[in-house]
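These notes concern the structure reproduced below.
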Amino acid sequence: MADGEIRQLDPFNVGQGWLRLALPAIVSMMRRVIAAVFLFLSIAAVAENTAPKFATANPSFGGFDVQAAQRFAKLALACVEKEYPNKISHVLNSDADVAPPRKLTPAFYGCYDWHSSVHGHWLLVKLIRTFPDASFARSARDALRKSLSAENLKQEAAYLRGAGRASFERPYGLAWLFQLCAELREWDDEQAREMSANLRPLEEEAVERLKTWLPKLSHPVRIGEHDQTAFALGLMLDYARSTGNEAFAKLASDSAKKFFLADKDCPLNYEPSGEDFLSPCLGEADVMRRMLSPAEFAKWLKDFLPQIPAAPPQSERPTIDWLPIVVSPDPSDPKLAHLDGLNLSRAWMLEGIISALPADDLRRPALAGAADAHRRAGLTAVTGEHYEGGHWLGSFAVYLTTRRGIQK
């Protein structure tokens, strides 16, 4: 604006001089304010474009959109054939056992370790089933066809039967293998039926392995990492029911009751440990809700987790202070990144607990509030920025958002 125009618009007595002196400073200040507003809007737009896409997802009911699925599929496709870095749990019986991961376990050698590769393949199957026409579907099918060939899976079964491998991936990796097998059997698709048949030798070997082990397990393993008994039993039970294996379902159910039915006062305030990705207390409750009636489970839960608050007055929001979310201090550290996964697994366990309680149970609001907070924190952490978390967090996110463990 020209100085002459300023004088023409001035309603004051410019002859007094003060406005003539102040106006340039005012105009300059306004320009800086406008520039700051535009800068803020630009930053917000960039943040929106780079943030995880859950805009159309329903965090209360477990839905997720094709954009989110695309991100998860990208994470899995980036790792199922990525051999290194690799953390193997491999017993050497002789020089003949010295070989790269792709030779030892040719189907599940990527994604940093065997169990992550297994649930990375489950993730691809789940995403194709959920979004069959998505842009990633063809690449995902090709990756599955390459990995889950009959030849590769015969070698996997032979590896599992090898000397000194009785505890290989037991129980966590084998439990996730059952999820992959169940997902394929439930999918009405020609390629799925072929891959399911190819998996059968490894699947049968895994079932026999756990049928031998569970009766000998004298005490449950109550930690927040791979060896946790409760989480694995839940996945085993879901698999056995899905595939109609009544004997295996009974074994899993009887084992859970033997280990957990008499438990009381779980020390939730001791959680989490610094490297947890599963909650020992919630994992136990999540498996017990699978085998008790709503009334039985409500009573058992009251004794087991008395810390869960009852419904607040209508004027108050339910508290989540009884189970705060966690934050990984270093997502680039393979062990410390576990805490990002803990938010996700806590969310699905809380939702599972809610699903088994009577509709009028007064603890439902506190459970739902904590589940929502953990869901949001967990999904935000699935960025793929660090391979240490990116190779497995997508599987946890999809297990949560598809309500896999709650499906009937």
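Note that the coordinates shown come from a computational prediction; the quantities given were computed from them, not determined experimentally. Worth knowing before you read on, the calculation uses all heavy atoms, side chains too, and leaves out hydrogens, waters and symmetry mates. We number each residue from 1, following the sequence as shown.
Residues satisfying the side-chain contact (heavy atoms from CB on, under 4.5 Å) criterion with Ser196, sequence neighbours excluded, are Leu184, Arg185, Arg200. Residues passing the side-chain contact (heavy atoms from CB on, under 4.5 Å) test with Tyr84 are Asn86, Pro100, Pro101, Arg102, sequence neighbours excluded. With sequence neighbours left out, the side-chain contact (heavy atoms from CB on, under 4.5 Å) criterion links Ser328 to Pro331, Leu336, Leu339, Asp340. Remark: Cys181 pairs with no residue by the disulfide bond (SG atoms under 2.5 Å apart) rule, at least two apart or across chains. Applying the side-chain contact (heavy atoms from CB on, under 4.5 Å) rule to Val91 yields the partners Asn93; only residues at least two apart in sequence or on another chain are considered. Looking at residues two or more places apart in sequence or on another chain, you find a ring-ring contact (aromatic ring centres under 6.0 Å, His included) between Phe131 and Phe64. Under the ring-ring contact (aromatic ring centres under 6.0 Å, His included) criterion, Phe136 pairs with no residue at all, not counting sequence neighbours.
In this structure, Arg375 contributes its side chain and Trp348 its backbone to no donor-acceptor pair below 3.5 Å.
With no hydrogens or angles considered, a side-chain donor-acceptor pair links Asp113 and Ser116 at under 3.5 Å. If you check the side chains of Ser332 and Asp330, you find a donor sitting under 3.5 Å from an acceptor. Trp213 and Glu208 share no donor-acceptor pair across their side chains, judged by distance under 3.5 Å alone. At a cut-off of 3.5 Å, with distance as the only test, a side-chain donor of Ser135 or Gln70 sits close to an acceptor on the other residue. Using modelled atom types, one finds no donor on one side chain facing an acceptor on the other under 3.5 Å when comparing Asp97 with Ser94.
Annotation: disulfide (SG to SG under 2.5 Å) contacts involving residues 206-237, sequence neighbours excluded, are absent. For residues 104-140, the pairs satisfying disulfide (SG to SG under 2.5 Å) are Cys79-Cys111, with sequence neighbours left out.
Taking a cutoff of 4.0 Å between a charged side-chain nitrogen and a carboxylate oxygen, Arg193 and Asp188 qualify as a salt bridge.
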Under 3.5 Å, which donor-acceptor pairs do the side chains of residues 160-169 form with other protein atoms, sequence neighbours left out?
from	atom 1	to	atom 2	distance (Å)
Arg165	NH1	Tyr159	O	3.0
Glu169	OE1	His115	ND1	3.0
Glu169	OE2	His115	ND1	3.2

Under 3.5 Å, sequence neighbours excluded: what are the donor-acceptor pairs made by side chains of residues 385-394?
from	atom 1	to	atom 2	distance (Å)
His391	ND1	Tyr387	O	2.7
His391	ND1	Glu388	O	3.2
Trp392	NE1	Glu388	O	3.1

Which side-chain N or O atoms in residues 275-288 pair as donor and acceptor under 3.5 Å with protein atoms at least two apart or in another chain?
from	atom 1	to	atom 2	distance (Å)
Asp276	OD2	Ser273	N	3.0
Ser279	OG	Glu271	OE1	2.6
Ser279	OG	Glu271	OE2	3.4
Ser279	OG	Leu282	N	3.0
Glu284	OE1	Arg222	NH1	3.2
Asp286	OD1	Arg289	NE	2.8
Asp286	OD1	Arg289	NH2	3.1
Asp286	OD2	Arg290	NH1	3.2

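Lys335 NZ: more than 12 foreign heavy atoms inside a 6.0 Å radius.
In this pair, Tyr172 and His226 present their aromatic rings perpendicular. The plane angle is above 60°, beyond the 30 to 60° band.
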